[in-house]
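Below is one structure, written out as structure tokens; comments come after it.
Letters A, B, ... mirror the listed sequences (proteins, then strands); counts begin at 1.
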There are 4 protein chains.
Amino acid sequence: MSLYTYLFYSADGQSLLSDDATLAHMLQFEGALAQAQAKNGLVPVASAEMIVACCQADLLDVDRLKRDSSLSGNAAIPLVKQLTVLVRQRDEEAAKFVHLGATSQDLVDTATVLTIKQFIDWLDGKLSALENSLVRLTKQYRRTVMIGRTLLQQAKPITFGLKTALWLEGIGRSRQRLTDVKKRVLVLQLAGAAGSRNRSISAEVHENLATQLGLRPSVSWHTQRDNLAEFASVLGILTGSLGKIAKDVSLLMQTEIAEVLEGKAEGKGGSSTMPHKRNPVTSTAILANANRVPNLVATLLAAMPQEHERSAGLWHSEWEVQTEIMQLTAGTVERSLELLNNLDVDEQRMRQNLELTNGLIYAETVSLALAPNLGKAQAHELVEKACSLAVSQKKYLKDVLLEQHLDLSDLDELFKPENAIGQSLDIIDSILTHYDPQL
Amino acid sequence: MSLYTYLFYSADGQSLLSDDATLAHMLQFEGALAQAQAKNGLVPVASAEMIVACCQADLLDVDRLKRDSSLSGNAAIPLVKQLTVLVRQRDEEAAKFVHLGATSQDLVDTATVLTIKQFIDWLDGKLSALENSLVRLTKQYRRTVMIGRTLLQQAKPITFGLKTALWLEGIGRSRQRLTDVKKRVLVLQLAGAAGSRNRSISAEVHENLATQLGLRPSVSWHTQRDNLAEFASVLGILTGSLGKIAKDVSLLMQTEIAEVLEGKAEGKGGSSTMPHKRNPVTSTAILANANRVPNLVATLLAAMPQEHERSAGLWHSEWEVQTEIMQLTAGTVERSLELLNNLDVDEQRMRQNLELTNGLIYAETVSLALAPNLGKAQAHELVEKACSLAVSQKKYLKDVLLEQHLDLSDLDELFKPENAIGQSLDIIDSILTHYDPQL
Amino acid sequence: MSLYTYLFYSADGQSLLSDDATLAHMLQFEGALAQAQAKNGLVPVASAEMIVACCQADLLDVDRLKRDSSLSGNAAIPLVKQLTVLVRQRDEEAAKFVHLGATSQDLVDTATVLTIKQFIDWLDGKLSALENSLVRLTKQYRRTVMIGRTLLQQAKPITFGLKTALWLEGIGRSRQRLTDVKKRVLVLQLAGAAGSRNRSISAEVHENLATQLGLRPSVSWHTQRDNLAEFASVLGILTGSLGKIAKDVSLLMQTEIAEVLEGKAEGKGGSSTMPHKRNPVTSTAILANANRVPNLVATLLAAMPQEHERSAGLWHSEWEVQTEIMQLTAGTVERSLELLNNLDVDEQRMRQNLELTNGLIYAETVSLALAPNLGKAQAHELVEKACSLAVSQKKYLKDVLLEQHLDLSDLDELFKPENAIGQSLDIIDSILTHYDPQL
Amino acid sequence: MSLYTYLFYSADGQSLLSDDATLAHMLQFEGALAQAQAKNGLVPVASAEMIVACCQADLLDVDRLKRDSSLSGNAAIPLVKQLTVLVRQRDEEAAKFVHLGATSQDLVDTATVLTIKQFIDWLDGKLSALENSLVRLTKQYRRTVMIGRTLLQQAKPITFGLKTALWLEGIGRSRQRLTDVKKRVLVLQLAGAAGSRNRSISAEVHENLATQLGLRPSVSWHTQRDNLAEFASVLGILTGSLGKIAKDVSLLMQTEIAEVLEGKAEGKGGSSTMPHKRNPVTSTAILANANRVPNLVATLLAAMPQEHERSAGLWHSEWEVQTEIMQLTAGTVERSLELLNNLDVDEQRMRQNLELTNGLIYAETVSLALAPNLGKAQAHELVEKACSLAVSQKKYLKDVLLEQHLDLSDLDELFKPENAIGQSLDIIDSILTHYDPQL
């Protein structure tokens with residue numbers, strides 16, 4: 001377990017995606033296969049039961065299995081070998097039916113899909129929690145005015161609730177994608193040595209095994225890897241959306257801005273040499289992961305043009321990378337949940353920062369208010385000049401405009417931040433509506 | 001236009017994704033925005049009409065626009081400037097309403113989406129043609145026996161129709177993905193300076209503009225870029241699936257295999273120094289593209305953690321890369337269509353190659369046939385030994401087995417390729433059923 | 001020419017890397033090859049002269065060449081064909097000797113290397129200018145105190161000159177790398193159809209041609225692409241170092257920090273909707289490029305495992321990507337030069353920002369000063385508590401410490417920024433010493 | 001330890017790059033730092049000795065350290081904390097001097113460099129063994145004629161020794177790169193909280209510590225990461241060159257070609273369902289790794305634009321990725337050594353495969369032989385026609401040419417493979433000369 005296992009990863013993820021989980025899924029496949037074949041009269045029921053009885057991870061010699069994998073090129077061959085020995089020790093006859101008609105890739109791929117299935121279940125729960133957290137933040141800070149920033153410059157006021165509501169929108173679309181991809185990725189692989197199936201893995205066996213494992217039936221996808229590539233992409237997109245949240249928080253935490261802070265925890269975020277700092281540790285971990293996942297997704301896309309009926313290398317390059325993407329996604333999701341559940345929002349500082357430009361941030365509002373009379377371009381120009389004066393003379397923009405005797409009765413109103421947030425509140429409500437119909 | 005424009009790209013793609021198309025979509029946005037605002041009483045109808053009248057690409061000074069883009073950081077600002085001047089020259093009043101309430105990113109992003117919309121329409125047509133081509137090949141070669149190959153080794157017989165049917169499956173899933181992503185990517189961007197909208201771009205204007213442009217309404221996705229990242233992923237996956245086809249063809253074209261050849265064309269595939277060669281030129285172009293697209297997708301994923309309400313750099317990195325992905329996809333799709341429409345299949349050579357191993361490719365069939373009596377493991381072992389003998393003594397496997405007096409009455413049948421293709425035909429039919437219900 | 005050609009690219013780069021330049025280099029190869037062969041008695045001198053005379057880009061039918069490239073799979077075959085026709089029209093005999101003994105890849109690869117050679121020359125000049133600019137900035141702001149920031153938090157004071165000196169160090173190492181890679185990348189490709197050469201391209205011809213073209217001789221690197229991958233990596237690293245500068249500038253330009261600003265230019269950096277903004281347009285372009293180049297480098301690395309004696313696809317995927325990397329690097333370098341040559345540094349604001357934390361940034365200095373007496377850990381702890389008090393009571397850290405009657409006579413000195421910059425000045429001088437020995 | 005640890009990785013690599021090794025290097029830094037400071041009178045000698053005495057990995061509570069890392073954001077802070085406690089338990093005074101003046105990143109980065117240093121030493125040894133292996137193969141198969149293949153088509157004869165000699169060339173350049181990068185990557189990081197150093201880490205301490213650790217001194221590279229990016233690129237290029245070897249072997253192992261085979265080993269390369277297969281297991285592992293490394297290198301390049309004086313996220317994304325690149329490189333190198341040390345070369349099959357095209361592979365030789373009389377183009381055309389005849393009439397090319405009464409006295413000689421290998425032998429010798437001067 002790596003030095004940074006608690007920083008970048010999730011304990012749940014580590015366990016869902018462990019070698020043990022993989023081996024358990026491989027044995028689940030073998031047991032269920034024998035049962036499906038027994039149901040279809042291809043394997044004696046007693047033999048199938050014996051096989052199932054032997055499908056226990058603690059009976060395996062895992063170190064031997066790892067060593068043998070380097071000779072066979074995958075973990076399926078040594079697993080089947082060990083399983084067959086185990087069965088044979090108890091029942092010579094039953095041993096004849098282990099892994100009957102299946103090929104190594106059927107076993108490896110289906111075990112991967114079973115892992116993905118559990119992972120998606122876990123992820124769904126976590127994303128639901130993330131959405132709840134964002135709904136809560138959005139409601140709480142619905143009217144909290146802060147400056148919106150574009151190209152790292154103060155632009156015009158929004159509310160913090162609008163920001164969190166838009167974060168929420170992104171996560172919501174990721175959940176849609178997860179639903180869409182399930183149709184294509186949660187499928188059985190059972191196609192035999194060259195993808196053409198055989199009597200022992202008939203259509204009926206296929207259907208039956210799929211049902212047992214809670215997967216959809218499918219023709220061979222031994223060298224059609226679009227489903228796995230899509231799943232990786234979906235996780236990559238989710239990680240990107242979470243990276244966006246962390247990016248915002250890390251920027252808002254800057255000493256000079258300090259509007260939003262990661263929650264304090266004993267021993268968290270301190271610096272070894274600068275006792276006063278409050279480092280964005282959680283955001284940092286998320287951003288680190290968000291820099292890693294995209295290129296892992298690219299590896300899976302690059303692995304798609306696989307040769308003939310089974311690839312020599314590209315398939316093999318998927319295994320650890322697919323797992324790594326899930327591991328990093330799990331860590332990112334968990335860190336994001338911690339981040340959002342413990343966010344300190346400094347509403348007062350948000351207010352103060354609105355004053356930093358001497359009213360320049362209201363320039364667009366004024367500009368739009370002048371546009372009906374002057375036209376957009378002329379209004380823009382007039383305001384631009386007033387802004388220049390405000391800057392050079394270090395005056396408040398409103399005062400500069402007042403000196404110009406503009407025909408604007410409600411200048412004071414234009415310079416109130418709560419009047420400058422556009423339709424922030426309506427947008428927030430339209431988003432929340434999907435999550436909380438009672439609203 | 002690059003030296004290799006005809007090799008890697010598509011003429012249609014070049015035109016759909018040209019600068020001209022972008023500018024036309026930008027002007028379409030500006031015109032439709034004014035009209036939507038007129039409908040909602042925010043802009044005088046006459047002004048809106050004048051704006052629409054000026055929204056003509058040939059009125060723009062494109063070179064100037066390009067130069068100004070380097071100062072403004074995007075093409076929207078100079079375009080709006082030029083458009084405003086054009087309108088003002090004809091109607092001072094109307095000029096006040098150009099681009100009213102919108103921000104540069106609204107314009108740039110929506111123009112991108114309009115381009116994507118046209119591109120998807122084109123792509124759908126091409127994928128349909130690809131599917132037709134694959135359906136035709138699958139029907140034609142449904143029973144054409146060839147060797148299936150795993151890890152670049154001869155494995156066991158399949159039919160060429162099974163191979164093309166599985167290619168088809170992959171493309172079919174890409175079409176599903178395209179349908180899924182449309183929901184999320186074909187959306188309007190109209191959110192104003194900081195994503196909070198304003199009176200001039202009210203919910204009603206938004207709805208109305210979306211309808212005019214054939215897009216869905218949406219809240220701000222100025223820094224929520226999951227939709228574009230997903231679209232890129234979908235194209236990346238499609239390119240991967242097409243790369244798989246090209247990989248197979250290029251391997252099957254090898255001098256030593258020569259089962260499938262790219263169609264001959266005057267001047268195609270010759271070598272400058274080796275007059276006898278028939279190079280896999282089309283496959284080569286597809287494979288080249290398939291090596292490029294994955295990392296471009298990664299760039300869009302990496303561009304997701306955008307700062308605050310508009311990014312300084314990541315957004316900008318999307319523009320050309322998104323276009324490049326579409327360009328390469330278009331080229332890949334068109335080359336694939338050429339490839340499949342002109343494939344030469346050498347059925348006789350396929351037959352001959354089945355004989356190369358002296359019957360070793362039937363080993364699994366024999367093994368499975370022996371398994372019910374001997375058990376899988378023992379059958380495997382027996383056949384393995386027979387294979388060794390066949391190799392060392394350069395005998396046909398059947399003859400070696402005959403010498404061992406196995407209890408297998410139908411040995412001859414086991415060594416007929418058409419009996420060794422498993423359920424290839426059923427699988428093919430189950431796939432074709434989705435494309436041709438009359439089958 | 002793309003809409004954003006002036007934003008992301010360089011005019012020089014566009015011209016150095018144009019199709020015209022490629023064709024010119026291809027013709028240069030053909031002419032020089034004939035001459036080298038003439039010198040070695042393999043081609044009549046008159047024929048070689050005629051070939052050279054015909055090696056003029058304006059004689060080529062470029063559109064035809066592009067179209068034919070899609071059939072032949074590269075530009076070499078149609079170019080040689082056209083050249084042969086041109087020569088034959090004037091001299092039947094000479095036509096026999098065009099491209100004698102060479103293969104398409106010899107032509108394509110050597111033309112690429114000739115382009116790289118010119119590009120490196122140009123780049124060297126630009127990097128020298130960049131270094132000069134950084135040396136100038138470093139000298140000018142050697143003593144300008146500003147806050148150093150770690151994890152986006154104020155940490156402790158440095159000088160702006162230290163920052164620019166460290167930027168300079170990075171660029172300096174990129175120049176070393178450029179020197180190192182020249183040895184390996186500026187090599188002739190002349191190896192014939194399968195890399196084994198032949199009588200017409202003897203060792204003597206090889207040597208002679210290399211000398212003519214200003215390249216090193218080399219054995220076949222038809223499918224050994226490490227040299228090109230290395231060159232791409234070197235450019236990728238350079239772009240990363242320039243991206244680092246742009247990242248710093250964009251962050252320092254934030255409204256709330258505003259210590260460093262991109263130089264103003266007529267029409268530059270304005271916002272279409274917010275007249276007061278000063279966007280980091282140049283930094284933005286650099287950062288966009290820096291997000292694109294890494295994945296293009298990965299494509300060239302992924303293209304390395306090329307098949308046998310010439311690849312079917314991976315080689316082809318290099319061509320445009322290698323060019324794109326150079327194009328983006330050229331744009332990045334030119335934008336960086338503009339950025340650094342026009343930087344506005346607000347020394348007063350830097351001073352002001354040092355005061356934002358009420359002295360907390362001096363915590364480490366105090367801590368280190370206390371360490372000899374108290375021990376590092378205890379000093380750290382004591383200062384940490386004082387910091388907490390300073391924050392909660394909104395007091396200046398020095399005042400809190402004074403209340404604690406520490407045994408520190410020179411507390412005032414510890415809170416002077418110029419005393420807290422460590423060895424910034426010495427470090428600067430040690431760096432400048434490499435650039436300006438008179439210093 | 002992952003399921004595939006023996007397939008994709010190296011036991012040596014696992015140990016060199018383990019968490020234990022990292023912690024040992026971190027402690028080495030702390031001990032040596034105290035000693036360097038003692039030598040310069042900044043720390044009492046006894047204290048330094050006590051610190052060194054406590055710098056033992058087995059005294060650390062590693063699980064605690066991992067957990068604390070998730071709060072502090074790196075492993076340095078908890079390590080220093082634990083070390084300080086350990087020292088304090090024995091010597092209150094000495095505890096004051098632990099990690100004096102250094103910052104977390106100094107510790108983390110220098111430990112990384114120490115790991116890289118050991119890794120390079122190991123790698124150099126392995127590459128030397130690889131070169132020896134390739135020298136041996138090259139000598140042994142110097143004259144072994146085989147077909148050269150371009151675009152996966154038979155092209156013209158070469159020798160197998162030429163192929164291995166060119167593989168060797170690529171590895172040789174990787175060793176040069178390793179030498180070049182050492183200058184820049186094996187450098188000390190010791191720059192203090194904001195990169196400006198301080199009294200406790202004076203220039204003298206810096207020099208002294210560098211010498212102790214066998215590194216070069218350096219100014220701060222806290223956010224100048226070009227050295228690490230370059231090192232990653234160098235490994236990426238090496239992996240690509242090894243991937244090229246594995247690609248060739250896997251293709252040459254194809255059932256239909258079978259010229260080169262991976263060495264047999266008990267239990268190696270068998271298929272679970274096809275007892276006769278001899279899978280390219282080792283090549284497959286190498287190719288899998290070669291598909292993964294390029295995108296990991298891209299991650300390090302993308303991590304370069306780090307913020308200010310220490311990055312929030314990009315730095316953190318380097319740690320595991322840098323290790324992963326080294327791990328995969330180590331595995332790739334070791335697998336390659338196994339591959340080359342056990343290669344079975346079937347010279348007879350190489351001969352046979354030369355005959356597959358009925359002499360077409362001599363077309364270029366004939367073409368070149370005819371060129372002096374007929375001109376290159378006409379010769380090419382004549383031979384092209386003869387090839388067509390040979391193909392359509394299934395005749396041997398020589399016989400077709402004989403029927404055309406060409407003026408070529410030595411047609412028989414042209415069709416001898418050993419006469420068609422161009423300058424293969426000279427090229428081989430020129431390469432071997434660098435490795436074996438006695439040759």
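Annotation: maximal heavy-atom pairing with chain B below 4.5 Å, among C:Asn291, C:Leu287, C:Thr282, occurs at C:Asn291. Annotation: maximal heavy-atom pairing with chain B below 4.5 Å, among C:Asn289, C:Thr323, C:Thr299, occurs at C:Thr299.
Looking at B:Ser69, the atoms closer than 4.5 Å to chain C (heavy atoms on both sides) sit in the backbone and in the side chain alike. In this structure, no portion of B:Ser311 lies under 4.5 Å from any heavy atom of chain C. In this structure, chain B has no heavy atom under 4.5 Å from any part of C:Ser283. B:Leu65 touches chain C through its side chain: at least one heavy atom from C-beta onward sits under 4.5 Å away, while N, CA, C and O do not. Heavy-atom distances place the side chain of B:Trp319, and not its backbone, under 4.5 Å from chain C. Looking at B:Ala298, both its backbone and its side chain come within 4.5 Å of chain C, counting heavy atoms on both sides. Using a 4.5 Å cut-off between heavy atoms, B:Leu23 touches chain C through its side chain atoms alone.
Applying the salt bridge (charged side-chain N to carboxylate O under 4.0 Å, His left out) test to residues at least two apart or on different chains, the pairs with a partner in residues 292-303 of chain C are B:Glu320-C:Arg292, C:Arg292-C:Glu324.
Across all their heavy atoms, C:Ala312 and B:Pro280 have their closest contact at CB-CG, 4.4 Å.
The distance from atom NZ of B:Lys66 to atom OH of C:Tyr6, rounded to the nearest 0.5 Å, is 7.0 Å.
Under the 3.5 Å distance criterion, the side-chain polar atoms of B:Tyr4 are left unmatched by any main-chain donor or acceptor of C:His316. Here the side chain of C:Asp19 pairs a donor or acceptor atom with the backbone of B:Leu3 at under 3.5 angstrom.
The shortest distance between side-chain heavy atoms of B:Asn74 and C:Leu7 does not fall below 4.5 Å.
Residues passing the salt bridge (Lys or Arg N to Asp or Glu O under 4.0 Å) test with B:Asp68, sequence neighbours excluded: B:Arg64.
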Between B:Leu296 and C:Leu296, does the side-chain contact (heavy atoms from CB on, under 4.5 Å) criterion hold? Intermediate values first, please. CA-CA 8 Å; B:Leu296 297 172; C:Leu296 297 173; 4.0 Å; yes
